[in-house]
Each structure stands twice: as C-alpha cells, then as structure tokens.
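Step one of this worksheet: look at the structure below.
Numbers restart at 1 for each chain; the letters A, B, ... are given by sequence-line order, proteins then strands.
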Amino acid sequence: MRAIVLVLVALFAVGCAGPTVTANQYRGKVAQTAKAMTGIIVTAQHAARLDLDGKMLPTVSDGVVTDAEQDADSVQTTMESRQPPDDRSDRLRRQVEQPLRQATSLLTDLRIALRNDDHDGERAAADALDGPLGAFEQLSGVS
Amino acid sequence: MRGVELIGRAVVDPQGRSVGYVHDLVFRRTGENRCRFELIGLECGKAAIGDRLGYTRDAMRGPWPLTVLFRWLSRHSLFVEWSAVRRIGPEEIEIRTPMDELERFIDVAP
Amino acid sequence: MPQGIVTANDMLWDRQIYDRDGVEVGKVDDIEVTIPDDGGAPTLTALLCGPTALGPRLGGRFGAWWTAIGQRLRPGDELYPVRVTADMIVTFDRHEVRLNVTAAELPTNRLRAWTRQYIIGRIPGSR
Amino acid sequence: MRGALKITLGIMTAIGGFVDIGDIVTASLTGARFGMTLAWAVVLATAIMVLYGEMAGRVAAVSKRAMFDVVRERLGVRFAMVNLGANALLSLLTLAAEIGGVALVLHLVTGIHYLIWVPVVGLGVWLTIWRLPFQALETVFGLLGLCLLVFAAALVLLPTDWGSLWHEAIHPSVPAGEALPTWLFYAISLIGACLVPYQVIFFSSGGREEKWSVKDMKDARLNAVVGFPLGMVLSLSIMAAMVPVLRPDSVDVRHLGQVTLPIAQALGVLGLILTFIGFFACVFAAATESALSIGYSVAQYFGWTWGKRHKPSAAPRFHVVCLSSVIAATGFMLTSVDPITVTIITVVLAAAAIPLTYLPLLVVANDREYMGRYVNKHWQNGLATIALLVMVVVSLATPPLLFATKAGQ
C-alpha cells in the first residue's frame with residue numbers, strides 16, 4: 001500500500017513538472033493540446049445544438065458548456081506556461097495560441113448566450129467554434 | 001502463559017541448530033463437552049502461510065495448485081512434543097530432542 | 001495421530017465468541033495456557049479478548065500502539081487482557097465459541113457500552 | 001408465485017447494484033476513446049465477479065461466515081490487519097467517489113454547485129444507513145437503477161454501426177494513435193471498476209443480514225449468475241452509446257455531463273431524466289454499500305455486533321465506524337478534489353487489491369469442514385484458479401502501467 005502511495009506521489013510530481021525541454025517534446029505537447037481542445041469544442045457544440053433542438057435540460061447544457069469553458073481555460077494556461085525551446089517551436093506556439101484564445105472566448109460567448117436563453121447567440125457561437133476546431137484538427141497531426 | 005509468548009519464537013535443538021519458528025500450538029481435546037484443551041506440542045518450520053490457511057488439514061483440499069503450493073511450503077514443518085521443550089526463553093525455545101529425530105508435522109497432522 | 005487433536009490456528013485463534021443469548025462478545029484474540037501444579041501438560045485456562053490481547057499478536061510498533069490504546073480503555077489501566085475462563089465455555093467448534101454467561105457480565109463490554117451511551121445513544125432514532 | 005417475485009426482485013437488484021460511479025466513468029471514458037475494443041475487460045471482470053460472487057453467497061449461506069471473519073481466520077491477525085487497512089482505505093476512497101458522483105448528478109439536475117450537494121449527500125447516505133431497512137435499500141435503489149437501460153434504448157435510436165461495434169468487441173486491438181500501455185491501463189481500470197472489493201464484502205455480509213441459509217442458496221446463485229451479467233449489459237451499453245456520438249472526435253470524457261450527451265441526442269429530455277434517476281439510484285446505493293462495507297469489515301475483524309438487522313444501539317461500534325467513514329469521505333470531497341479523478345484512481349487501486357479479498361474466499365469455499373457437500377466443484381476451482389491468476393497478473397501490472405502511462409494520459 002505504501003508503495004502505491006509513493007508511486008502516486010511520484011506520478012503527481014512527474015505530472016506537475018514544469019516547462020518541456022526538447023523541440024520534439026514541445027511538438028508532442030502541442031499535438032496533445034490540440035487533441036484535447038478538439039474534444040472540448042466538440043462536446044460544447046454538441047451540447048449547444050442539442051439545446052437548440054430542445055433536447056436538453058437547461059441545467060445540463062449549462063453544466064456541459066461551463067465545464068468545457070473551464071477545461072479550455074486550463075488547457076490555455078498550461079500551454080502558455082510552457083517555454084518553447086527554439087524558434088520553430090515558437091512559431092508552432094503562435095500557431096496554436098491564436099485558435100486557443102479564439103476558442104476560449106467563443107466558449108465564454110456560448111455560455112453567456114446559453115444562460116440568457118439567447119438562441120441566435122448560441123447558434124452563432126457554436127457555428128463560429130468550427131473555425132478553431134478546424135485549426136486544432138490540423139494541429140493534432142504535427143507530432 | 002499466553003499463546004503469543006510461544007508463537008513466532010525461534011526453536012533451537014541441543015546442538016544449537018535452528019529448527020524454525022513456532023507456527024502453531026497442537027492440543028488434545030478431552031473432557032465431557034470436549035472443552036478441555038491440553039497442549040501436547042508445537043509445530044515449527046520456516047513458512048507459516050500454508051498452515052495458517054488450513055492446508056495442513058486433510059479436510060482442506062483447495063484448487064490443486066494451491067494445495068500443492070501450500071503443502072510444499074510447509075513440507076519442512078516439524079512437530080515438537082511438549083515434553084521435549086526444555087526452556088522457554090524470551091528469544092528462543094530450547095528443546096531436548098535433536099532436530100533429525102523430530103517427526104514431520106504433516107505425518108502427525110490431524 | 002489419535003482423534004481429538006487440534007491446532008490453535010484451526011480451532012482457537014480468531015474464532016468468534018458469542019454469549020448465552022447469541023450476542024457477539026469478541027474474537028479469540030489470544031489464549032492462555034497454564035501448567036498445572038503437578039507439572040503435567042499445560043491446559044487451556046482462558047480465552048483472552050480485547051486490544052491488549054490483540055496488540056502483542058500484531059507485533060511491531062503498530063501492535064505496541066494498539067496495546068497502549070487498549071490499556072487506556074481498561075479500568076485501572078490494567079495490562080492483562082479480559083479473560084474468558086474455560087469454565088464459561090459451553091460449545092467450541094471450528095465455527096464459534098458459545099458461552100454460558102451474558103456479554104453484560106464480561107468486561108469486554110466497556111467500549112461497546114461507552115459508544116452506545118455517549119455517541120450512538122445521543123443520536124435520535126438509535127433504539 | 002411469491003418465490004418467483006422474490007427471485008426477479010433479487011436479479012433486478014443485482015443488475016442495478018452492479019453499476020456504480022466507477023463503472024459509469026470508466027465505461028463512458030473508454031467507449032469514447034477506444035470504442036468497443038476494451039469490451040473484453042468488462043466481460044472478463046464480470047465472469048470473475050459471477051464466479052466469486054456465487055462463492056461469497058454460498059460461503060455466507062452454508063458456513064454462516066461473512067468476508068472478514070474468513071479473512072481473519074485464514075490469513076492470521078497480522079496479514080488480515082493489513083488487508084483490513086487496505087480494504088477500508090479503498091472503500092473509503094470509493095465512498096468519497098460515490099458521494100462526489102451523486103453530488104455531480106444533483107449538480108447537473110439543479111445547476112447548484114456540486115460542493116454544496118456533497119454534505120447533503122453525505123447526510124443522506126448516513127440517514128439511509130441509520131434508518132432504512134436493508135431490504136428496502138437493496139430493492140428500491142436496485143429497481144430505480146434499471147432506468148439506466150435508457151442507454152441500451154439510446155443505442156437503438158442512435159446511428160449505431162452495429163457491425164463495427166461487434167467487430168471491435170470480438171477482435172480487440174489497440175486503436176490507431178493509442179499506445180498499448182494506455183490501452184491496457186484502461187483495461188485494468190475497467191476490471192477494477194467491476195471487481196471493487198466492497199461489492200464482495202457487501203454481498204457476503206448482506207447474505208448474513210438477510211439470514212441466508214442453505215435453502216436460499218439457489219436464489220443467491222441465480223442473483224449472481226443472472227444479475228451480474230445483466231448488470232454487465234448496462235455497463236456495456238453505456239460504453240457502446242458513447243461510440244456513435246463521442247468516438248469520432250475521441251472526446252476525452254472528464255465530466256459526467258458529457259456522458260449524457262448520447263442520451264439527449266437519442267431520447268431528449270425524458271431520456272435525460274431517466275438517466276439521472278438511474279445514475280442517482282446506482283451511485284447513491286453504491287455509496288451506502290461502500291460505507292456499510294467499511295463497517296462490516298471492521299466489525300467482523302474485531303468480532304463486534306454488526307449489521308442493519310440490529311438496532312443501532314445494539315451494534316453501536318459498527319454504527320460509529322459507518323458514521324465516521326461517511327464523515328471522513330464527505331470531508332475529503334469537500335476539499336474540492338475532482339470526483340472523477342478520485343474515481344479513476346480508486347478503480348485502479350481496486351484492481352491492484354483484488355486478490356486480497358478473493359484468495360481467502362476461494363480457500364474457505366474448499367474447506368470440507370465448513371462447506372460440507374457444498375464445497376467448490378472441480379470446474380469451479382479450475383475457473384477460479386485461472387481467475388486468481390488473472391487477478392494476480394492485473395495486480396502486478398497495475399503499478400508499472402500507472403507509471404508508464406502517467407495514469408492514462
């Protein structure tokens with residue numbers, strides 16, 4: 001049992017370890033970020049569209065979109081805290097950062113529209129999320 | 001004397017050879033409602049697990065791999081008659097019978 | 001080997017003890033054997049119950065700690081465990097031990113009585 | 001007629017009782033990420049559960065011994081104490097995860113933050129232990145848990161590609177883009193979720209609560225043999241329902257809300273309501289069961305009076321243990337650890353701890369002096385030995401896999 005706890009603590013430590021080192025690893029992280037963002041955006045879009053179809057409980061769509069917004073925020077924070085090791089990595093960073101910002105702000109828009117029962121706003125935000133979604137889908141393949 | 005004062009103690013024979021550790025206490029049941037227990041000896045050996053699980057008893061035949069494994073682990077267990085115990089020290093129990101003259105526990109097990 | 005031979009692991013240690021009315025008294029945490037005055041084979045004189053009996057069997061620091069707690073729970077910080085003497089035992093088989101006294105007459109009941117009086121009894125609906 | 005009713009009830013209870021937050025989270029997570037390629041893990045774990053669940057019931061009915069009586073008798077005080085500690089800790093984590101799970105369900109339904117629900121749920125769990133009769137607990141929650149059949153219904157209505165689902169399920173292979181260790185890690189999490197030790201402890205102690213005797217053994221056996229596999233169908237349908245909706249984008253399921261999306265798509269609001277009733281019932285019941293199993297195991301180890309069949313004042317120490325576990329678990333969830341993370345860690349640790357509870361059970365089920373003519377048959381021993389081997393392998397593989405995959409990333 002003690003061994004298991006130690007392993008968990010060690011894992012935690014590894015998971016929390018700071019900036020990535022090599023360019024390869026950095027590329028991997030970008031791809032991982034993009035993949036995570038794809039999932040987050042798809043989930044939010046799903047929820048929004050089902051909500052527009054009247055197939056959702058309002059509390060559920062709110063819950064799902066709020067979770068998505070928070071997840072996206074934390075993905076963004078993690079990404080920004082990483083130091084790109086070289087110029088190529090830095091270019092990659094700019095490539096991913098732009099859709100990241102766009103996605104987080106659109107998710108916020110979506111959440112606000114949802115809570116205000118603003119169907120047009122909801123539809124617009126959900127559709128606009130296709131933009132960053134496309135970018136992320138491309139970026140998931142960089143590693 | 002408490003059971004814990006016997007169990008787990010190292011057992012040495014007159015030549016100072018280690019016989020193992022006390023795993024179990026062996027009793028004879030007597031009395032009208034069979035509630036009188038006389039200590040007749042000690043079971044000593046290296047690995048206690050098979051004995052603990054009950055595999056030294058005949059009624060206990062498990063899935064055969066386990067039976068074989070646990071009986072194999074306790075194959076070296078020896079039986080020390082109580083009359084052969086000379087001294088119960090704080091660390092070890094000294095016995096009168098030399099190690100090679102002790103019976104194997106499996107041969108005497110109930 | 002003749003009939004009637006049993007070992008402590010198979011028969012005594014860690015068996016459930018019930019009182020006359022089928023109320024749980026505790027487990028056989030340890031046993032007490034006494035060498036009779038005439039010097040014959042030692043016989044089982046009591047079953048020992050409670051943390052001060054269990055602690056030494058657990059061994060190590062944890063066991064010592066357990067014993068210490070048990071000692072605090074006993075009246076007068078008595079170190080020797082509660083004895084269920086051999087004459088209280090009615091039946092004894094591999095399954096369980098049955099006594100001819102009630103749990104209330106035995107000192108194993110203290111923690112139970114304490115938790116009942118001070119914790120459980122104070123919560124509505126415990127009866 | 002009444003007998004038939006009782007058996008049906010028992011089976012339905014077993015179905016509902018099989019699924020808990022661990023199953024819901026791991027099944028949906030793996031469904032969305034790996035499709036049906038890990039279905040084999042659920043099937044394997046259920047087979048083991050049936051085998052050992054039946055054994056636990058038989059031992060409880062014939063030898064009148066519950067789990068930790070057996071553990072202490074057979075493993076000795078010391079090892080049994082280690083076992084007790086590990087199991088209690090694990091059940092405590094499970095309890096915490098289930099309380100968090102119920103709070104998450106209530107959050108989704110009401111929109112009120114889950115942390116506000118946590119103490120309310122804790123109180124509810126304790127009140128259930130304190131007052132609700134055992135039979136009512138099993139029956140009511142088990143039956144309500146059947147609402148989760150909406151996942152199977154949703155599967156029919158969704159654009160499900162049955163052929164490929166079936167193909168994936170019977171030809172398991174690591175999906176493209178995923179590493180083998182990660183895949184195996186999630187297989188282990190599924191096995192751990194099905195075989196959490198509290199279920200066996202609860203099942204065998206429950207047999208004593210209901211005063212099973214040899215007469216009731218057939219019922220118990222039927223419950224295990226029919227109920228658990230049907231419970232597995234629930235788990236698998238949750239897994240499969242994720243595939244048409246979330247798999248195409250391999251969505252990483254980290255929230256309970258995501259699990260409900262396929263239902264909303266197929267069945268709308270009504271489906272959602274049924275899902276939440278089912279989730280609530282299953283997870284709430286699992287919370288009470290895990291809290292009770294802590295009380296059961298501690299009381300059985302020390303030989304105290306235990307069980308809901310006694311009034312609390314007759315089993316005071318048992319109730320003190322249950323109460324303190326509920327308080328501890330509630331307190332742990334109030335530190336705002338993520339319930340889903342706690343769930344995943346718990347099921348993985350459970351996988352590592354499985355042999356601890358199952359080995360003593362197998363040993364006693366073979367003791368002729370206890371079981372008489374109801375000892376294990378040869379084929380049961382054969383299967384149980386293979387199962388034990390599987391469990392040991394799983395348990396040994398868990399730590400390195402946890403490490404290698406950084407807990408499944």
Side-chain angles (χ1 to χ4, degrees), chain B residues 1-9 21-45 47-60 70 74 77 79-85 87-88 90 93 103-110, chain C residues 1-15 28-36 38-50 52-60 63-64 66-67 79-94 97-100:
Chain B
M1 183 170 44
R2 283 159 69 169
V4 73
E5 291 168 39
L6 294 170
I7 213 89
R9 289 285 153 86
Y21 299 89
V22 179
H23 288 163
D24 208 345
L25 313 178
V26 185
F27 290 89
R28 177 186 293 123
R29 283 184 88 171
T30 54
E32 54 210 273
N33 51 0
R34 312 197 353 111
C35 286
R36 189 180 149 84
F37 290 81
E38 264 175 39
L39 184 64
I40 57 167
L42 311 171
E43 187 213 330
C44 315
I49 178 73
D51 176 51
R52 186 68 240 191
L53 287 168
Y55 275 96
T56 47
R57 271 187 292 124
D58 228 20
M60 184 62 236
F70 290 124
S74 51
S77 288
F79 177 68
V80 176
E81 271 186 72
W82 181 254
S83 54
V85 174
R87 198 178 73 86
I88 299 169
I93 296 174
E103 281 180 282
R104 289 206 312 161
F105 182 70
I106 318 182
D107 299 332
V108 295
Chain C
M1 202 162 237
Q3 275 280 302
I5 299 299
V6 293
T7 73
N9 276 344
D10 278 344
M11 186 93 195
L12 298 165
W13 268 323
D14 307 317
R15 280 356 189 230
V28 180
D29 289 319
D30 201 351
I31 52 179
E32 181 194 86
V33 288
T34 311
I35 302 174
D38 60 18
T43 51
L44 179 82
T45 41
L47 308 176
L48 305 176
C49 300
T52 48
L54 186 63
R57 280 189 73 207
L58 289 170
W66 200 259
T67 313
L79 183 60
Y80 202 79
V82 174
R83 297 175 74 231
V84 174
T85 52
D87 55 336
M88 294 180 191
I89 302 169
V90 180
T91 53
F92 207 130
D93 56 25
R94 248 184 245 296
V97 182
R98 296 249 169 205
L99 307 179
N100 58 11

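Note: B:Arg36 CZ to C:Asp87 CG = 12.5 Å, rounded to the nearest 0.5 Å. In this structure, the separation between CG on B:Leu25 and CG on C:Leu44 is 10.0 Å, given to the nearest 0.5 Å. Taking OG1 of C:Thr43 as the reference point, atom CD of B:Glu38 lies at 7.0 Å (rounded to 0.5 Å).
At distances below 3.5 Å, not a single donor-acceptor pair connects side-chain atoms of C:Asn9 with backbone N or O atoms of B:Asp24.
Interface remark: C:Asp29 contributes no atoms to any contact with chain B (heavy atom separation under 4.5 Å). Using a 4.5 Å cut-off between heavy atoms, C:Leu48 touches chain B through its side chain atoms alone.
Of all non-hydrogen atoms in B:Arg29 and C:Phe92, the two that sit nearest each other are NH2-O, 2.8 Å. When all heavy atoms of B:Trp82 and C:Ala41 are compared, the pair lying nearest together is CD1-CA, 4.3 Å. Counting all heavy atoms, side chain and backbone alike, C:Pro56 lies closest to B:Arg2 at CG-NH2, 3.5 Å.
Between C:Trp13 and B:Ile7 the shortest side-chain heavy-atom distance falls below 4.5 Å.
Residue with the most contacts toward chain B among C:Asp30, C:Thr34, C:Ile35: C:Asp30 (heavy-atom pairs, distance under 4.5 Å).
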Item checked: side-chain contact (heavy atoms from CB on, under 4.5 Å) evaluation trace for C:Val33 with B:Phe27 -> CA-CA 11 Å; C:Val33 288; B:Phe27 290 89; 3.9 Å; yes
